[in-house]
> 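Got a structure for you, questions after.
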Amino acid sequence: MGKEIILSGMRPTGKLHLGHLSVLENWAKLQKDNENYYMIADWHTLTTGFNDTAMIQNNIRDMALDYMAAGIDPETSAIFIQSRVKEHAELHLLLSMVTPLSWLERVPTYKDQIAQFGKEGKDISMYGFLGYPLLMAADILVYRATAVPVGEDQLPHLEFTRELVRRFNHLYDCQVFPEPKALLAKIKLLPGTDNRKMSKSYGNDIPLDADDQLILQRVGQMVTDPARIKKTDLGHPDVCTVYTYHTFYNKDEAADIEERCKAGTIGCVACKKRLARKLSEFMAPIRERRQALSGNPKRLDEILNAGCEKARIAAKETLAKTREAMKI
C-alpha cells in the first residue's frame with residue numbers, strides 16, 4: 001500500500017474501554033507510512049445526545065488521553081477536535097446542497113436507530129440525525145482522505161461518501177475529491193463481562209485506565225458456564241466469557257485452561273484470578289502512559305492545539321478547491 005491520507009474518529013461519550021483497543025491498535029499500525037487524522041467527533045455526539053451535553057468537554061480530554069495511551073503518536077498523527085475545525089461544518093453545508101434527501105433516508109441505520117431510541121422513550125427524529133451520514137462524509141472529504149479504516153457495519157456509510165464524491169465531481173466537472181477506499185481490519189469482537197456488547201452504559205466494560213482492583217472486580221462479574229455448579233463439574237469453555245478473554249489475552253495458557261475446564265480440574269474462581277492477573281499485566285503500560293499524560297494538562301492542550309491547527313490547514317485547502325469548483 002502506498003502512502004494514504006487516513007481519517008477516522010470516535011464520539012466522545014465517555015472513557016474508552018478494552019472493546020475499543022483493537023481499533024486503536026489498528027490506527028497505530030497505520031501511522032508509520034501514511035498521513036493520519038484522528039478525530040474526536042464531538043458534533044456527532046450531539047446527533048443522539050443533544051439534550052445531555054454536560055460531560056462532553058471532559059470526555060474530549062479523556063478520549064485524547066485514551067488515544068495516546070493506546071499508541072496514537074501526536075508527533076505522527078493529528079489528534080484533533082471536530083468542532084474546532086469549522087471547515088467540517090462549511091463542507092457539510094455545501095454538500096447538503098447537492099445531496100438527494102432519499103440518499104439519507106435509505107441509510108440502513110437510520111430507521112433502525114430511530115425505532116431503537118423510540119423504544120427507550122427518546123426522540124431523535126431531528127435533521128442532525130438524518131444528516132449525520134453527510135456530516136461523516138464531510139469529515140472524510142474535508143481532508144480528501146483516500147482510505148478510511150472501518151468495520152463491515154460502516155461500509156454503507158463509506159459507500160454513501162463514494163457516491164457523493166462521484167456526484168459532486170460530475171456536477172462540477174472537477175476532481176476535487178478522491179473516492180475513499182475502505183481499510184477493513186480484523187477487529188477483535190470482545191464481549192462485555194455479561195457477554196453482551198461491551199458498553200459503559202451496560203456497566204459491563206473494562207476501561208482502558210482500569211486499575212488492578214477494578215480489573216479484578218469486573219473479571220469477577222464475568223459470565224461463566226451456567227451448567228457448572230461445582231469445580232469438579234465438566235465445563236464448556238465455548239460458552240464462557242472468561243475463556244473468551246483468555247484466548248485474547250492469555251494465549252499461552254488458553255489451551256491448558258480449556259483442557260482443565262473440560263476435565264473439571266480448575267474452578268471458575270481460580271480461572272478468573274488467572275485472567276485478572278494477565279489483564280493487569282497487559283493493561284499496566286497503557287494505564288501508566290495515560291497517567292503520565294493526564295498529569296500534564298498543559299501538554300495535552302498543546303497536543304490538541306497542534307492537531308487542530310494541522311487539520312485546519314488541510315481543511316482550508318480543500319474548502320478553497322471546493323468553492324472554486326462551485327464558483328462561489
Side-chain angles (χ1 to χ4, degrees), residues 4 6-30 36-49 63 66-67 70 72 82 88 92 99 102-120 122 124-126 128-141 143 145-165 179-202 204-206 208 241 244 247-248:
E4 306 280 5
I6 291 174
L7 181 283
S8 198
M10 297 184 189
R11 301 192 308 161
T13 55
K15 290 182 179 179
L16 299 185
H17 52 63
L18 207 54
H20 296 111
L21 187 57
S22 57
V23 174
L24 295 173
E25 288 173 336
N26 183 48
W27 291 2
K29 289 176 185 176
L30 293 170
N36 306 277
Y37 297 88
Y38 292 128
M39 174 177 67
I40 299 171
D42 54 338
W43 277 337
H44 281 292
T45 301
L46 299 177
T47 59
T48 57
M63 178 162 279
D66 286 335
Y67 278 8
I72 306 303
Q82 180 188 31
H88 286 247
H92 173 242
T99 302
S102 60
W103 287 18
L104 294 170
E105 292 173 331
R106 77 185 187 204
V107 172
T109 54
Y110 175 62
K111 291 180 180 178
D112 290 344
Q113 290 200 26
I114 282 187
Q116 178 186 330
F117 277 93
K119 291 177 183 177
E120 300 170 7
K122 187 172 183 179
I124 58 168
S125 54
M126 315 294 173
F129 184 69
L130 174 65
Y132 87 86
L134 183 57
L135 179 56
M136 192 179 295
D139 296 332
I140 296 166
L141 298 180
Y143 302 103
T146 57
V148 183
V150 293
E152 287 191 11
D153 60 322
Q154 296 172 305
L155 286 175
H157 293 100
L158 191 59
E159 185 53 36
F160 172 91
T161 303
R162 291 167 57 84
E163 285 185 299
L164 187 58
V165 166
E179 289 188 38
K181 64 185 178 184
L183 294 180
L184 284 171
K186 292 184 178 179
I187 302 300
K188 300 172 186 174
L189 295 177
L190 197 65
T193 57
D194 58 1
N195 213 30
R196 292 187 293 173
K197 178 181 177 181
M198 187 178 288
S199 171
K200 183 180 179 181
S201 62
Y202 293 154
N204 66 354
D205 64 319
I206 300 177
L208 290 184
T241 303
T244 299
T247 63
F248 284 136

> What distance separates N36 CG from L7 CG, expressed to the nearest 0.5 Å?
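The distance works out to 10.0 Å.
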> Taking ring pair (Phe, Tyr, Trp, His ring centres under 6.0 Å) as the test, write out the residues that go with Y37, two or more places apart.
Y143
> Any chance you could measure K15, atom NZ, to M63, atom CE, to the nearest 0.5 Å?
12.5 Å
> Please find the pair of heavy atoms, one from G192 and one from T241, that lie closest to each other, and give the distance.
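Scanning both residues, the minimum pair turns out to be O-CG2, 3.6 Å.
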> Roughly how far apart are I124 CD1 and L46 CG, rounded to 0.5 Å?
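Answer rounded to 0.5 Å: 13.0 Å.
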> List in chain and number order the residues that pass ring pair (Phe, Tyr, Trp, His ring centres under 6.0 Å) with H17, two or more places apart in sequence or in another chain; answer none if no residue qualifies.
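For H17, the residues satisfying ring pair (Phe, Tyr, Trp, His ring centres under 6.0 Å) (neighbours in sequence not counted) are H20.
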> Could you work out, with salt bridge (Lys or Arg N to Asp or Glu O under 4.0 Å) as the rule, every residue matching R162, not counting sequence neighbours?
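For R162 the salt bridge (Lys or Arg N to Asp or Glu O under 4.0 Å) partners, ignoring immediate neighbours, are E159, E179.
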> Compare every heavy atom of A145 with every heavy atom of P180, then report the nearest pair and how far apart it is.
CB-O, 3.5 Å
> Looking only at non-hydrogen atoms, find the nearest pair between T47 and G128 and report the distance.
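Heavy atoms of T47 and G128 come nearest at CG2-O, 3.6 Å.
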> Considering residues at least two apart in sequence or located in another chain, which fulfil the side-chain contact (heavy atoms from CB on, under 4.5 Å) criterion with D194?
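side-chain contact (heavy atoms from CB on, under 4.5 Å) check on D194 returns R196, N204, V223.
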> In residues 150-158, what donor-acceptor pairs under 3.5 Å come from side-chain atoms, sequence neighbours left out?
residue : atom : partner : partner atom : Å
Q154    : OE1  : G151    : N            : 3.1
H157    : NE2  : Y132    : OH           : 3.0

> Let me confirm one number: the NE2-CD1 distance from H88 to I140, rounded to the nearest 0.5 Å.
10.5 Å
> Can you tell me how far apart CH2 (W27) and CD1 (I6) are? Round to the nearest 0.5 Å.
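Spacing of CH2 (W27) from CD1 (I6) equals 11.0 Å.
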> Can you sort out the partners of S125 under side-chain contact (heavy atoms from CB on, under 4.5 Å), two or more places apart, ordered by chain and number?
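S125: side-chain contact (heavy atoms from CB on, under 4.5 Å) contacts with I114, D123.
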> Just by distance, do the side chain of K122 and the backbone of T48 share a donor-acceptor pair under 3.5 Å?
yes
> Using the test ring pair (Phe, Tyr, Trp, His ring centres under 6.0 Å), find all partners of W43 that sit at least two apart in sequence or belong to another chain.
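Result, ring pair (Phe, Tyr, Trp, His ring centres under 6.0 Å) vs W43: none returned.
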> Restricting to non-hydrogen atoms, name the atom on F248 and the atom on L190 that form the minimum distance, rounded to 0.1 Å.
CD1-CD1, 2.8 Å
> The criterion is side chain to side chain donor-acceptor pair (under 3.5 Å); which residues satisfy it with T247, sequence neighbours excluded?
none
> Just so I know, are the side chains of L134 and F160 near enough to count as touching, which here means a heavy-atom distance under 4.5 Å?
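Side-chain contact under 4.5 Å: yes.
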> CD of Q113 to CZ of F129: how many Å apart, nearest 0.5 Å?
4.0 Å
> Counting C-beta onward and ignoring hydrogens, is there a side-chain heavy-atom pair between L30 and E4 closer than 4.5 Å?
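Sidechains of E4 and L30: no contact.
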> By side-chain contact (heavy atoms from CB on, under 4.5 Å), which residues pair with T13, not counting sequence neighbours?
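T13: side-chain contact (heavy atoms from CB on, under 4.5 Å) contacts with R11, T45.
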> Mind checking what makes salt bridge (Lys or Arg N to Asp or Glu O under 4.0 Å) contact with D139, not counting sequence neighbours?
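Once residues adjacent in sequence are excluded, D139 has no partner under the salt bridge (Lys or Arg N to Asp or Glu O under 4.0 Å) criterion.
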> Side chains of L24 and L208, heavy atoms from C-beta outward: is any pair under 4.5 Å?
yes
> Under the side-chain contact (heavy atoms from CB on, under 4.5 Å) rule, collect the residues that match up with K29, sequence neighbours excluded.
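side-chain contact (heavy atoms from CB on, under 4.5 Å) list for K29, sorted by chain: empty.
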> List the residues meeting salt bridge (Lys or Arg N to Asp or Glu O under 4.0 Å) with E163, not counting sequence neighbours, and say none if there are none.
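Only R106 meet the salt bridge (Lys or Arg N to Asp or Glu O under 4.0 Å) criterion with E163.
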